[in-house]
Each structure stands twice: as C-alpha cells, then as structure tokens.
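To start, the structure itself, in structure tokens.
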Amino acid sequence: MMNNCIFCSIAGGSLPSMKVFDDEHTLAFMDTAGDVDGHILVIPKKHAKNILDCGEEELSYLMKTVKKVALHLVEKCGYSGVNLLNASDESAGQSVPHFHIHIIPRKNGDNIDAWPHFEGAVHETEDIFRKISMI
Ligand code: AMP
C-alpha cells in the first residue's frame with residue numbers, strides 16, 4: 001500500500017469504487033471518466049507503478065483477472081470482444097501511477113474508436129528493428 005496512491009486507496013477500500021470483480025490479489029472497477037460505455041480498470045492490489053516494475057506473479061494474477069472480466073463481458077453481458085489498453089510511464093500517457101489495464105467492451109458496429117490513429121513512422125522499420133531486436 002502506497003501513501004497518496006488513489007488506486008491503493010480504492011484497493012484498500014478507503015476510497016469508494018464501483019467494483020466489478022474483487023479477489024485476493026486484484027480488483028476490477030468502473031473507470032469514472034464516463035468516456036465510453038463499460039470502461040473498466042483492472043489493478044493489482046499490491047502497488048506497482050506499471051508493467052515495468054510489476055512482479056511476475058502479480059502480473060500473472062492481473063492478466064488472469066483481465067481474462068475473467070473479458071470472458072464475463074462476452075459470455076454474460078452481451079459483448080463480443082474487448083480492447084485492452086495500458087499506458088506504462090508518463091511518456092506513454094500514464095496519468096495514474098498505479099498499474100492498471102483498461103478494458104473497453106466491444107460489440108460489432110458500436111462505433112467506438114479505441115485504436116490510435118498513428119501519424120506514420122518517422123524512421124525505416126528495418127533501422128528501428130536493428131536497434132530493438134532481442135535476438
Ligand atoms: P491512465 O491515463 O491510463 O493512467 O488512466 C487513468 C484512468 O483512471 C483514467 O481513465 C481515469 O478516468 C481513471 N480514474 C482516475 N481516478 C479514478 C477513480 N477514482 N475511479 C475510477 N477511475 C478513475
């Protein structure tokens with residue numbers, strides 16, 4: 001539990017949230033932005049800033065819960081798919097510094113624009129590839 005962390009407060013129950021799923025290691029709750037129908041956040045209860053410092057075990061619990069919630073949305077709530085979104089680090093647009101995966105439930109023809117419209121690469125793909133290949 002981190003002091004002054006809004007999602008730690010939600011996980012600990014001192015801040016209210018609309019809980020969708022709750023277990024020992026993870027919590028899923030409604031994003032209150034009101035920006036898209038069914039916007040859900042899934043968090044590890046143990047504080048990590050993002051995927052870069054999250055422990056392997058917490059990460060695997062988190063992804064299991066993401067799958068549980070996604071399956072619930074599709075099997076029980078009338079959705080047919082999901083977008084999963086995550087920003088890890090401020091450079092990537094992370095605004096709340098407690099690891100969270102956004103789930104956006106989707107239906108055919110829902111007209112939700114959940115995919116970024118990239119402006120076009122600046123460098124040749126092969127040049128970047130040579131820099132980042134791990135093999
Ligand atoms: P990100 O920009 O990926 O860090 O996303 C942070 C998300 O947290 C935003 O979508 C906010 O709407 C959401 N958010 C911030 N505070 C709360 C809160 N108290 N309850 C639910 N969602 C929140």
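Quick caveat: nothing in here was measured; it's all calculated off a predicted structure.
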message: Determine whether a donor-acceptor pair (N or O, by modelled atom type, separation under 3.5 Å) exists between the side chain of Asp53 and the backbone of Asn50.
response: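 Yes; at least one donor-acceptor contact below 3.5 Å.
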
**OP:** Without swapping roles, check the side chain of Ser133 against the backbone of Phe129 for a donor-acceptor pair under 3.5 Å.
**Re:**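 Between the backbone of Phe129 and the side chain of Ser133 there is no qualifying donor-acceptor contact (under 3.5 Å).
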
Side chains of [X] and [Y]: does their closest heavy-atom pair fall under 4.5 Å?
X	Y	result
Val69	Ile40	yes
Asp89	Lys49	yes
Gln94	Val96	no

Q) Step by step, would you call Ile43 with Thr26 a side-chain contact (heavy atoms from CB on, under 4.5 Å)? A) CA-CA 6 Å; Ile43 63 168; Thr26 60; over 6 Å; no

Whether over 12 other heavy atoms sit under 6.0 Å from [X] [atom1]:
X	atom1	answer
Glu90	CD	yes
Lys64	NZ	no
Asp35	CG	yes
Asp127	CG	yes

[X] side, atom [atom1]; [Y] side, atom [atom2] - distance, nearest 0.5 Å:
X	Y	atom1	atom2	value
Lys19	Ile10	NZ	CD1	8.5 Å
Asn111	Asp113	CG	CG	9.5 Å
Met2	Ser9	CE	OG	10.5 Å
Arg130	Ile132	CZ	CD1	12.0 Å

If hydrophobic clusters are built from ILVMFWY residues whose side chains come within less than 4.5 Å, do [X] and [Y] share one?
X	Y	value
Leu84	Phe99	yes
Ile103	Leu59	yes
Val20	Met63	yes
Ile101	Ile51	yes
Ile6	Leu41	yes

Closest non-hydrogen atom pair, [X] against [Y]:
X	Y	value
Leu27	Ala11	CD2-CA, 4.0 Å
Pro105	Gly38	CD-O, 3.1 Å
Ala48	Cys54	CB-CA, 3.8 Å

Item to check | Pairs involving residues 30-86, ordered by first then second residue, that meet ring pair (Phe, Tyr, Trp, His ring centres under 6.0 Å) (sequence neighbours left out) | outcome: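 Pairs touching residues 30-86 that pass the test: His25-Tyr61, His39-His102, His47-His98.
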
Taking atom types as modelled and ignoring hydrogens, do the side chains of Asn86 and Ser88 form a donor-acceptor contact shorter than 3.5 angstrom?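 Yes, a side-chain donor-acceptor pair sits under 3.5 Å.
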
### Query
Would Asp23 and Lys45 pass as an ion pair if we require N to O under 4.0 Å?
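Looking at Lys45 together with Asp23, the answer is no, because their closest N to O distance does not fall below 4.0 Å.
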
Query - Those residues that, when tested against Phe29, pass ring-ring contact (aromatic ring centres under 6.0 Å, His included) (two or more places apart) - result: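 For Phe29, the residues satisfying ring-ring contact (aromatic ring centres under 6.0 Å, His included) (neighbours in sequence not counted) are Phe7.
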
